[in-house]
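Down below is the structure, laid out as structure tokens.
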Amino acid sequence: MSLRAPTVAGVLTMSIMLAAGAAVAQDAAEGEKVFKRNCFVCHTVEKGGPTKQGPNLFGVIGRKTGSVEGFRYTNANKSADITWSPETLDPYLTNPRKVIPGTNMAFAGLNKPADRKNLIAYLETLK
């Protein structure tokens with residue numbers, strides 16, 4: 001088996017791919033900023049914190065939809081039977097009304113994959 005030296009084009013392609021992967025790397029500190037820009041008006045994140053227009057998000061990872069005591073969910077949220085995880089949150093944060101038709105969540109969604117991944121990384125720290 002012979003090894004060939006990488007071409008300049010091959011090295012550039014790998015560099016671009018690695019840079020693109022780094023752009024969507026999860027960063028909880030950046031996710032907290034995304035939360036403060038987009039979510040804090042309607043949600044709290046402190047353990048035992050109050051509900052606002054939306055439910056408290058402390059411990060949201062691993063929690064079923066429609067399950068925060070004291071928050072009035074739509075029937076759509078109560079019956080969605082989704083357990084929140086990075087895999088279920090990503091499409092929801094892209095377009096909540098597409099994932100749970102009938103939800104009252106007025107949020108239009110996060111277009112940037114990096115913002116979603118970072119926000120999810122931040123939510124994962126809330127345990």
Side-chain angles (χ1 to χ4, degrees):
M1 177 169 133
S2 67
L3 296 174
R4 294 186 318 190
T7 64
V8 172
V11 170
L12 287 174
T13 301
M14 280 303 278
S15 296
I16 290 168
M17 290 172 61
L18 289 171
V24 293
Q26 295 181 5
D27 183 336
E30 286 300 314
E32 184 175 10
K33 292 176 188 174
V34 173
F35 178 85
K36 288 178 179 177
R37 281 193 313 266
N38 297 281
C39 312
F40 87 99
V41 170
C42 298
H43 296 277
T44 60
V45 292
E46 299 80 22
K47 184 176 184 175
T51 60
K52 289 177 153 182
Q53 200 169 354
N56 180 296
L57 297 178
F58 185 88
V60 69
I61 303 293
R63 185 166 75 203
K64 287 217 178 250
T65 53
S67 64
V68 170
E69 286 293 320
F71 186 76
R72 253 180 54 202
Y73 288 98
T74 62
N75 286 336
N77 284 85
K78 288 183 212 174
S79 63
D81 195 33
I82 296 170
T83 299
W84 295 122
S85 68
E87 295 77 24
T88 58
L89 277 169
D90 188 66
Y92 184 76
L93 292 171
T94 302
N95 187 342
R97 292 176 184 264
K98 183 176 179 182
V99 174
I100 302 179
T103 184
N104 281 344
M105 186 155 156
F107 183 64
L110 292 171
N111 292 326
K112 296 179 181 176
D115 283 349
R116 292 192 307 272
K117 297 226 181 275
N118 290 337
L119 177 57
I120 292 167
Y122 172 64
L123 294 174
E124 286 182 300
T125 69
L126 305 174
K127 301 175 188 179

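- Within 6.0 Å of the NZ atom in K52, the count of heavy atoms belonging to other residues, nucleotides or ligands exceeds 12.
- Linking Ile, Leu, Val, Met, Phe, Trp and Tyr residues whenever their side-chain heavy atoms come within less than 4.5 Å leaves Y73 and L93 in two separate clusters.
- S67 is linked by a side-chain hydrogen bond (donor to acceptor under 3.5 Å, both in side chains) to nothing, counting only residues two or more places apart in sequence or in another chain.
- Residue F71 holds its CZ atom at 8.0 Å from CD of Q53, rounded to the nearest 0.5 Å.
- Of the possible donor and acceptor atoms, one in the side chain of S85 sits under 3.5 Å from a partner among the backbone N and O of E87.
- Taking every heavy atom of both residues into account, N56 and V68 meet most closely at O-CG2, 4.0 Å.
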For residues 94-101, dump all side-chain donor-acceptor pairs below 3.5 Å to protein atoms at least two apart in sequence or in another chain.
{"residue": "T94", "atom": "OG1", "partner": "D90", "partner atom": "O", "Å": "2.8"}
{"residue": "T94", "atom": "OG1", "partner": "R116", "partner atom": "NE", "Å": "2.9"}
{"residue": "N95", "atom": "OD1", "partner": "R97", "partner atom": "N", "Å": "3.4"}
{"residue": "N95", "atom": "OD1", "partner": "K98", "partner atom": "N", "Å": "3.2"}
{"residue": "R97", "atom": "NE", "partner": "M105", "partner atom": "O", "Å": "3.3"}
{"residue": "R97", "atom": "NH1", "partner": "T103", "partner atom": "O", "Å": "3.3"}
{"residue": "R97", "atom": "NH2", "partner": "M105", "partner atom": "O", "Å": "3.2"}

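- Of all heavy-atom pairs between R63 and F58, the closest is NH1-O, 3.0 Å.
- The minimum heavy-atom distance linking E124 with P86 is given by the pair OE2-CG, 3.3 Å.
- Between W84 and the options L57, I120, L123, T65, a side-chain contact (heavy atoms from CB on, under 4.5 Å) holds for only T65.
- Side-chain contact check for N104 versus N77: every heavy-atom pair is 4.5 Å or farther apart.
- Both Y92 and V41 belong to a common hydrophobic cluster when Ile, Leu, Val, Met, Phe, Trp and Tyr are linked at side-chain heavy-atom distances under 4.5 angstrom.
- One finds the NZ atom of K78 at 9.0 Å from the CZ atom of R72 (value rounded to the nearest 0.5 Å).
- Atom CD of Q26 is separated from atom CG of L119 by 10.5 Å, given to the nearest 0.5 angstrom.
- Note that the CG atom of D27 and the CG atom of D115 stand 11.0 Å from one another [nearest 0.5 Å].
- Rounding to the nearest 0.5 angstrom, the gap separating the CG atom in L110 from the SG atom in C39 is 6.5 Å.
- Nearest approach of P55 to H43, heavy atoms of both residues: O-ND1, 2.7 Å.
- Under the 4.5 Å side-chain criterion, counting only non-hydrogen atoms from C-beta, T125 is not in contact with E32.
- Around NZ of K36, the count of heavy atoms belonging to other residues, nucleotides or ligands within 6.0 Å does not exceed 12.
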Can Y122 and V34 be said to form a side-chain contact (heavy atoms from CB on, under 4.5 Å), step by step? CA-CA 9 Å; Y122 172 64; V34 173; over 6 Å; no
